[in-house]
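Inspection log for the structure reproduced underneath, given as structure tokens.
The chains referred to below are lettered A, B, ... by the order of the sequence lines, with proteins before strands, and numbering in each begins at 1. Just so it is clear, the model here is predicted, and its values are computed rather than measured.
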There are 2 protein chains.
Amino acid sequence: MNSPVLEAHLSLAERLFLTLRGEIVEGCIAAGSKISEPELARRFNASRGSLREALMRLESLGLLERRVNVGARVVELSERGLLELYEVREALEGMACRLAAKARSEEDLVALRKMLAGHEQQEELQAGKAYFQPEGDFDFHFRIVQASKNELLIDTLCNRLYYRVRMYRYQLGMASPRAQRAFREHSHIIEAIEAGDGELAELLMRRHIRASRQNIENKLR
Amino acid sequence: MNSPVLEAHLSLAERLFLTLRGEIVEGCIAAGSKISEPELARRFNASRGSLREALMRLESLGLLERRVNVGARVVELSERGLLELYEVREALEGMACRLAAKARSEEDLVALRKMLAGHEQQEELQAGKAYFQPEGDFDFHFRIVQASKNELLIDTLCNRLYYRVRMYRYQLGMASPRAQRAFREHSHIIEAIEAGDGELAELLMRRHIRASRQNIENKLR
DNA sequence: GCGCCACATATTGTCAACAATCTTCAGGGC
DNA sequence: GCCCTGAAGATTGTTGACAATATGTGGCGC
């Protein structure tokens, strides 16, 4: 796995933060459950101080909620929360497309094309079963956002919202049943960016995310 | 001033956070300057632990940048940063308008109309000099965002981005020279929301923010 | 004169103990 | 039987001291 948790130059608090973030996202620490500072500190052989720093960072990510003199709880997952997430993504990733089309860095265009070609090779996608995208650098949405060159936008989406998206994906287990269609939509978005048509790229991305959201809404009923 | 800093039920760390946030926004602590933990702790008669908690919260607001074993610095203000802020606002507040038009709560509509009527009374606005909006509940953008009813959107804008906006406003001292025009734009946006026309409301808000941004761009050259 | 290395200083990261607050549960009163 | 009161227990908030790391300065070699 080569987890970043092992990197030595990180502070203890940061390693705790990364570990706990993973466990919350994947559901090892259940959504809605209470966090006991002394218990977790013992588990990681760390002091409460370092652990508290990690908890505060998790709070600012929106992964847990703290109340003074009461303590921390992992956030609850709700249909409403998921819908809100998609509404915000629609706005921000739409803008990311518009900006990426305006910036049109040759480097990013090459990377986007390459990524798409890689996805096309996947046998799962060809079979129409799933459209698996390894998290991180190779994820379509992640790369588009990076290409926007807007640091604030990148930080908001990649370092804040995407962890919540991943949390919903893991725990509500939503494999995309729109595999081939989603892939085609991705292609069209990249084409619009290549053409420098920011308006179209934004429109397509917003429609793409809205379709995802409606798909989930239908599934939840 | 009746500062919230005096509230007793808040933790010490939270009061430090609120105080420091104000000083950074208003420039009492200069942009780009280094933060000395021992110095600040002495100044507030607090321990470094509590102060560090406040600093971490400021970091998650994007007002401070911390590096391990080096310390914290107040963020630099840059033209690029300001532009990025406006691009993100355009996307998010546009969406907020769309959602507010969809929700159309009678309570919010009344409040919006009332606020606008209040603004119209201002003599500065009538003289075409300035369009002053007290921060917080009576600010136009703040109220629109609240009316979106999307908690994630509200949190992102009101508890995160707006402090950076205020920081730029204070320190680059940008009083709107578009006073009467901005007021008219606000009116039209509210009309669109009242009519339940989310698409139009979004379009008008995006155009409104883009005009603000271009106005600032011109001023900075 | 310029650049590199070692040391001293100051700052940050981490820890364990103390104080304040909330929660729980038992007892008594109505 | 139900609700309120109050003390015990546990949890969180806060503090000051110790350890690890970076910064700045002086001296040495080239």
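- For the salt bridge (charged side-chain N to carboxylate O under 4.0 Å, His left out) test, residues two or more places apart in sequence or in another chain that qualify with B:R98 are B:E202.
- Residues passing the salt bridge (charged side-chain N to carboxylate O under 4.0 Å, His left out) test with A:R213, sequence neighbours excluded: A:E217.
- First and last contacting nucleotides of DNA chain C toward chain B (any atom under 4.0 angstrom from a heavy atom, 5' to 3' order): C:dT12 to C:dT14.
- Distance check, rounded to the nearest 0.5 Å: CZ of A:R104 to CD1 of A:I193 gives 10.5 Å.
- Salt bridge A:D139/A:R166: absent, no basic N to carboxylate O contact under 4.0 Å.
- Partners of A:R210 according to the side chain to side chain donor-acceptor pair (under 3.5 Å) rule, which considers only residues two or more places apart in sequence or in another chain, are A:E90.
- Between the CG atom in A:L40 and the CD1 atom in A:I29 there is a gap of 5.5 Å [rounded to 0.5 Å].
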Checklist entry - What does nucleotides 5-14 of chain D look like as a protein-contact string, B for base, S for sugar-phosphate only, - for none, at under 4.0 angstrom between heavy atoms? => result -------BBB
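- Here B:R43 pairs with B:E23 under the salt bridge (charged side-chain N to carboxylate O under 4.0 Å, His left out) rule; sequence neighbours left out.
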